[in-house]
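This report refers to the structure that appears directly beneath it.
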Amino acid sequence: MERLKSSTLDPIKAVPGLFISDRFAASSVPNLQSHNIRRVLSLLQPHEALKPKVFAGNANEADGSEGPFQIEFRTIEIDDDPTVDIVQHLSAACDWIQEGLGTLSKDNAEPSPGVLVHCRQGISRSGAIVVAYLMRNFQISYSAALSLARESRPIICPNQGFGTQLRAWEHCKYDIYLDVEDEAGSNRTKEKKEKPPYKAWKAQRDDLLAGGEEDTNKVRFSSLASAAATLGKRRLENLEKQTAK
């Protein structure tokens with residue numbers, strides 16, 4: 001459990017400036033400041049949210065340093081549940097991350113702004129967002145993006161439902177809505193017309209929920225068991241690597 005208590009931000013090696021962590025690391029203003037984090041995307045339920053006083057004012061008020069250091073925060077209120085629809089948030093989350101990473105420093109002496117994605121433990125919800133960003137940014141599969149993300153943070157493990165949705169997102173070409181022509185037929189605008197892979201996942205999820213609490217809980221327990229087994233395997237692999245050094 002040592003890793004879950006870590007107060008570090010893990011940089012995503014494939015994307016300079018992108019970081020992932022748990023909520024405790026995200027609550028440390030000096031931590032954010034040392035990595036030049038200018039945007040923080042939180043994936044939490046309301047009761048998990050960090051206390052407002054943690055982010056009161058700007059970073060300089062916390063340590064007495066001079067000069068402005070503004071951090072922009074955004075929260076997606078979502079539970080780490082395999083039946084929850086996370087894919088509906090992916091495009092907007094990826095756009096927000098990309099926008100933050102694309103805001104390059106005007107002064108070459110200053111490091112470029114960083115973006116932090118976090119959830120409670122930095123494993124499932126934030127892991128799913130980071131994987132989604134890698135998928136879209138590099139136009140790669142879910143499996144390839146997950147492997148790439150784990151090179152930076154081995155414990156990343158989206159729950160089974162999120163994994164299924166990310167695979168559906170892959171089949172949707174990283175956008176769950178269809179492009180349709182406007183009435184004049186001259187431009188292409190986005191309409192809320194869902195693509196078949198996303199519709200199929202929603203129908204399957206709705207059928208599960210309609211089956212009652214017992215069936216739904218079986219899926220939840222299966223997801224938890226799978227996550228526990230995966231994390232245990234990853235920790236064992238890391239221990240073996242450390243021992244071999």
Side-chain angles (χ1 to χ4, degrees), residues 15 18 20 41-46 48 74-99 117 119-120 123-150 156-227 230:
V15 182
L18 181 60
I20 182 172
L41 178 61
S42 306
L43 293 102
L44 300 167
Q45 298 181 79
E48 297 175 314
R74 177 169 294 188
T75 300
I76 298 175
E77 293 187 357
I78 188 170
D79 192 6
D80 185 17
D81 187 303
T83 66
V84 169
D85 187 346
I86 195 173
V87 76
Q88 65 177 312
H89 301 292
L90 297 184
S91 290
C94 288
D95 287 345
W96 197 71
I97 292 170
Q98 184 60 48
E99 184 181 86
V117 183
C119 55
R120 183 172 184 173
I123 296 176
S124 179
R125 288 168 286 186
S126 56
I129 295 296
V130 167
V131 169
Y133 182 81
L134 294 174
M135 289 172 66
R136 196 179 77 168
N137 190 56
F138 296 112
Q139 298 289 292
I140 57 178
S141 68
Y142 167 65
S143 296
L146 180 59
S147 296
L148 188 59
R150 283 176 171 170
I156 287 177
C157 184
N159 70 50
Q160 285 185 331
F162 290 172
T164 299
Q165 292 176 66
L166 286 165
R167 291 186 181 90
W169 200 53
E170 175 187 341
H171 292 303
C172 288
K173 303 299 181 183
Y174 321 111
D175 190 343
I176 59 175
Y177 297 114
L178 293 166
D179 286 326
V180 297
E181 292 187 359
D182 62 12
E183 294 181 357
S186 58
N187 299 310
R188 300 192 71 80
T189 57
K190 198 74 65 180
E191 186 177 281
K192 296 296 184 181
K193 187 173 182 181
E194 298 164 350
K195 290 182 179 179
Y198 178 52
K199 291 177 67 175
W201 174 81
K202 286 181 65 178
Q204 184 179 33
R205 188 275 309 270
D206 292 345
D207 286 344
L208 172 66
L209 294 176
E213 193 70 17
E214 183 176 352
D215 289 342
T216 304
N217 283 336
K218 286 181 180 179
V219 171
R220 288 171 176 150
F221 293 148
S222 174
S223 180
L224 287 171
S226 176
T230 299

Distance, nearest 0.5 Å, that separates [atom1] of [X] from [atom2] of [Y]:
X	Y	atom1	atom2	answer
Ser141	Leu148	OG	CG	10.5 Å
Leu41	Ile97	CG	CD1	5.5 Å
Cys157	Arg150	SG	CZ	5.5 Å
Ile86	Gln88	CD1	CD	9.5 Å

Can you check whether [X] reaches [Y] side chain to side chain, under 4.5 Å on heavy atoms?
X	Y	result
Phe162	Asp80	yes
Leu43	Ser124	no
Ile123	Ile156	no
Ile78	Gln45	no
Ile176	Leu90	no
Ser42	Arg74	no
Pro158	Tyr142	yes

Can you give each donor-acceptor pair under 3.5 Å made by side-chain atoms of residues 201-213, sequence neighbours left out, with the distance rounded to 0.1 Å?
residue, atom, partner, partner atom, Å
Lys202, NZ, Glu194, OE2, 2.9
Arg205, NH1, Thr83, O, 2.9
Glu213, OE2, Arg220, NH1, 3.3

Under 3.5 Å, which donor-acceptor pairs do the side chains of residues 129-139 form with other protein atoms, sequence neighbours left out?
residue, atom, partner, partner atom, Å
Tyr133, OH, Gln98, OE1, 2.3
Arg136, NH1, Asp95, OD1, 3.0
Arg136, NH2, Asp95, OD1, 2.8
Gln139, NE2, Arg136, O, 2.8

Worksheet item: Which heavy atom of Pro197 sits nearest a heavy atom of Ala168, and at what distance?
Response: CB-O, 3.8 Å
Worksheet item: Please, which pairs that meet side chain to side chain donor-acceptor pair (under 3.5 Å) have at least one residue in residues 164-173, sequence neighbours excluded?
Response: none
Item to complete: Report yes or no: does Lys195 contribute a side-chain atom to a donor-acceptor pair with the main-chain N or O of Cys172 at less than 3.5 Å?
Response: yes
Worksheet item: With no hydrogens and no angle check, do the side chains of Asn159 and Asp81 hold a donor and an acceptor under 3.5 Å apart?
Response: no
Worksheet item: Is a side-chain donor-acceptor pair under 3.5 Å present for Tyr198 with Asp175?
Response: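 Side-chain D/A pair, Asp175 to Tyr198: absent.
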